[in-house]
Amino acid sequence: AVQLMESGGDSVQTGGSLRLSCAVSGYTNTRGCVGWFRQAPGKQREGLARIPRGYDDGVPYYVDSVKDRFTISQDSDENTVYLQMNDLTPEDTAMYYCAATPLHFCPAFGLGNWNTWGQGTQVTVSS
């Protein structure tokens with residue numbers, strides 16, 4: 001079974017940067033996708049970015065609200081997926097999760113498309 005574990009969350013000031021990591025294990029599909037999500041208190045979980053696995057020409061996707069500040073990447077063996085976050089604001093305060101899909105491509109961010117989740121890592125941005 002796929003297992004995911006996030007790390008790298010911290011408390012930073014406005015304008016700061018963080019890099020989150022998602023350790024991926026047990027992924028047996030030759031192709032798939034890993035995404036980053038976040039959930040702020042009292043709000044729904046939202047997708048931020050996703051990156052294909054097993055594709056030589058895979059292109060990451062970002063939602064508009066983060067595409068100029070966040071970068072998703074993965075190491076060459078696809079065992080770690082990163083989320084580089086720059087120019088953070090208090091609105092970025094949330095629990096951040098990585099997730100994997102059972103599909104062989106990157107689906108939309110609807111939560112029903114993602115069946116494996118990490119435990120989350122907290123990001124707090126103060127003004």
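Bear in mind that the values here come from a model prediction, so they are computed numbers and not experimental data.
- Scanning all heavy atoms of the two residues, the minimum distance from Thr116 to Val2 falls at CG2-O, 3.4 Å.
- Listed by chain and number, the residues in a side chain to side chain donor-acceptor pair (under 3.5 Å) with Asp64 are Lys67 (sequence neighbours excluded).
- Between the side chain of Thr93 and the backbone N or O of Val125, at least one donor-acceptor pair lies under 3.5 Å.
- Contact record, Ala94 with Arg38: CB-CB, 3.9 Å, taken as the closest heavy-atom pair.
- Looking at Tyr97, its side chain never comes within 3.5 Å of a backbone N or O of Gly35 through a donor-acceptor pair.
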Acceptor/donor pairs from residues 11-20 side chains to any protein atom, 3.5 angstrom cut, sequence neighbours excluded:
unit_1	atom_1	unit_2	atom_2	d
Thr14	OG1	Ser126	O	3.0
Ser17	OG	Asn86	OD1	3.0

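- For Tyr27 against Leu103, the heavy-atom pair with the smallest separation is OH-O, 4.4 Å.
- Panel note: side chain Ser21, backbone Ser7; no donor-acceptor pair is recorded below 3.5 Å.
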Only distances under 3.5 Å count here; give the side-chain donor-acceptor pairs of residues 50-60 to other protein atoms, sequence neighbours excluded, each with its distance to 0.1 Å.
unit_1	atom_1	unit_2	atom_2	d
Arg50	NE	Pro107	O	3.4
Arg50	NH1	Pro107	O	3.2
Arg53	NH1	Glu78	O	2.5
Tyr55	OH	His104	O	2.4

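- Tyr82 and Val66 sit in two unconnected hydrophobic clusters of ILVMFWY residues. Membership requires side-chain heavy atoms under 4.5 Å apart, directly or through other members.
- Pairs engaging residues 35-104 under the disulfide bond (SG atoms under 2.5 Å apart) rule: Cys22-Cys98 [sequence neighbours left out].
- For CE of Met5, the number of neighbouring non-hydrogen atoms (other residues, nucleotides, ligands) closer than 6.0 Å is 12 at most.
- Among residues two or more places apart in sequence or in another chain, the side chain to side chain donor-acceptor pair (under 3.5 Å) test is passed with Glu91 by Thr89.
- Taking both residues in full, the closest heavy atoms of Ala49 and Tyr62 are given as CB-CD2, 3.6 Å, listed atom of the first, atom of the second, then distance.
- You'll find the ring centres of Phe37 and Phe109 inside the 6.0 Å limit.
- A distance-only check finds no donor-acceptor pair linking the side chain of Trp114 to the backbone of Val34 [under 3.5 Å].
- For Arg31, the salt bridge (charged side-chain N to carboxylate O under 4.0 Å, His left out) test picks out no residue, with sequence neighbours left out.
- Taking CD of Gln3 as the reference point, atom CD of Gln119 lies at 11.0 Å (rounded to 0.5 Å).
- From Met85, atom CE reaches atom CZ of Arg69 across 9.0 Å, with rounding to the nearest 0.5 Å.
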Phe70/Ile72 under side chain to side chain contact (heavy atoms under 4.5 Å, CB included): CA gap, chis, key distance, verdict: CA-CA 7 Å; Phe70 291 8; Ile72 190 171; over 6 Å; no
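- Each of Val81, Asp75, Thr80 was compared with Val24 under the side-chain contact (heavy atoms from CB on, under 4.5 Å) criterion, and only Val81 meets it.
- Taking all atoms of both residues into account, the shortest heavy-atom contact from Val63 to Tyr61 is N-CE2, 4.2 Å.
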